[in-house]
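To keep things clear, I will list the structure first and then write my remarks on it.
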Number of protein chains: 2
Amino acid sequence: MPTSTFFNLSQAKQQRLLAAAQQEFSRVPLAEASISKIVAAADIPRGSFYQYFTDKADLYYYYSEYLHKQDRHSLLSSLQAADGDLFAAFRDYFSQLADEIINGPNAAFYRNMFLNMTYKNGRRVTSATQKNHGHHGHKDFYAAVDFSRLKISTHHELGMLMHILMSALFQSLGSYYIRQQQGEQVTVAQLNQEFQQAVDWIEHGVAIN
Amino acid sequence: MPTSTFFNLSQAKQQRLLAAAQQEFSRVPLAEASISKIVAAADIPRGSFYQYFTDKADLYYYYSEYLHKQDRHSLLSSLQAADGDLFAAFRDYFSQLADEIINGPNAAFYRNMFLNMTYKNGRRVTSATQKNHGHHGHKDFYAAVDFSRLKISTHHELGMLMHILMSALFQSLGSYYIRQQQGEQVTVAQLNQEFQQAVDWIEHGVAIN
DNA sequence: TTCTATAATGACAAATTGTCATATAAGCGA
DNA sequence: TCGCTTATATGACAATTTGTCATTATAGAA
């Protein structure tokens, strides 16, 4: 998390840093990002950067959360709209998100994000997804799930299921990028259909009978 | 892939490099690995490294495949043993693998591998998994799957399903490492049970009815 | 004005990466 | 054995990068 010093900065300076973050993290994934390039773009002295952030990951996650706050969509609202149906929520969430991620102004950033999502930082993003809009995160989310439709009882099991659904979501996006890289034309509609398919499998099973 | 120059090296020198690779990639994930440390450990001049490999990723994937070849297990053999039952194959494969990955001599390497697996390099490892033991990869594997038990017809759909099952496998391992990091005691048996659960869900669905 | 806590700054050491000119060695035909 | 060609080996080097830290500057309170 940024230091209090960062938050005391003028809005203008904070924005310069966020803009530089967007630029650099859209250019390359986190691991390859250069603090030198960021401070150059934001036009702040190198020493100052370390006064605000512990390292580039610190800025990266702050920027991710900042982006996420801009976003109107949330898995929780989809869940509430779907009356607690977890699968319907994921379907709805994905269809809202896919377009923004692929065609929105931050497409390059998301591309690097999804192609380089690891289990480690995936947890971080996932929990941000559930913590949106002033809610308390997991608790609120769990409370909104209609368990009566699921072969699931414990929170731990729900956690596992969420992970599987989330990976399916990442898979879909990841495969989109890869296929596009290989020259294949993939539409958002097609992608959407594939994700719906994956959710169907998890909801009703892939085995016959 | 390593250059022919590398393969012309004496076995001893090749082994020195592989040992250094194991050491460094067990210490830190690929992104943080240092070529300087590797050449120091292998006691070869820096310039030579670039004569053999294009970069550290090149060595990394070569080492992964080398490790994988040592491994007796393969998803394909599990599939053949299970008479084409994809789910049974995954259950069997996982239970064979988990112990080796977690308690075997390369545990530290695998830990870095699974915690930092991205969609991009995940594909690479996944295809190595299917390409084991002199087989031709996807073709052989697809041919061994009993489609009559699946709500699936096309190869593309099978590819999607494989991705979901593979992510579930990565999830399970990833969550193991995270929980252990947090001080929680998790046994391999427990982990195994959770993965079986996940496969059950995908096989028969999570929804009631 | 003086003191104090907070923030800004950029020079610096340490490390890393990939390249390249130069030095070795190896193979081979005469 | 002598050249000659091709394949390897080697380590110095420029270019970056990272995180730190001593030094300045600023602002608010007494």
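Reckoned from all heavy atoms, side chains included, excluding hydrogens, waters and symmetry mates. Each chain gets a letter, A, B and so on, in the order the sequences are listed, and its residues count up from 1.
Residues of residues 41-57 of chain B that place a heavy atom closer than 4.0 Å to DNA chain D, in numerical order, are B/Pro45, B/Gly47, B/Ser48, B/Gln51, B/Tyr52. Interface residues of residues 10-34 of chain A facing DNA chain D, ordered by number: A/Ala33, A/Ser34; criterion, heavy-atom separation under 4.0 Å.
Taking the six-membered ring for Trp and the full ring otherwise, B/Phe7 and B/Tyr52 have centroids separated by 6.0 Å or more. Separation of the B/Phe94 and B/Phe90 ring centroids does not fall under the 6.0 Å cut-off. Checked against the 6.0 Å centroid threshold, A/Phe114 and B/Tyr119 do not count as a close aromatic pair.
B/Phe25 and B/Ala33 make their closest contact through CE2-CB, 3.4 Å (heavy atoms, listed as atom of the first residue, atom of the second, distance).
Residue pairs meeting the salt bridge (charged side-chain N to carboxylate O under 4.0 Å, His left out) criterion with at least one partner in residues 28-48 of chain B, sequence neighbours excluded, are absent.
For DNA chain D, the span of nucleotides reached by chain A at under 4.0 Å from its heavy atoms goes, 5' to 3', from D/dT17 to D/dT20.
Here the options are B/Phe109, B/Phe53, B/Tyr66, the test is ring pair (Phe, Tyr, Trp, His ring centres under 6.0 Å), and the partner is B/Tyr60; only B/Phe109 passes.
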Tabulate below the donor-acceptor pairs under 3.5 Å that side-chain atoms of residues 100-107 of chain B make, not counting sequence neighbours, or state none.
| residue | atom | partner | partner atom | Å |
| --- | --- | --- | --- | --- |
| B/Asn103 | ND2 | B/Asp99 | OD1 | 2.8 |
| B/Asn106 | OD1 | B/Gln22 | NE2 | 2.6 |
| B/Asn106 | OD1 | B/Tyr63 | OH | 3.4 |

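Side chains of B/Arg91 and B/Asp200 form a contact here, defined as non-hydrogen atoms less than 4.5 Å apart.
In summary, the side chains of A/Tyr177 and A/Gln181 do not present any donor paired with an acceptor at a separation below 3.5 Å, with no hydrogens or angles considered.
Across all strands shown, B/Ile38 has no heavy atoms under 4.0 Å from either base or sugar-phosphate atoms.
In this structure, the side-chain hydrogen bond (donor to acceptor under 3.5 Å, both in side chains) partners of B/Ser167, at least two apart in sequence or on a different chain, are A/Gln171.
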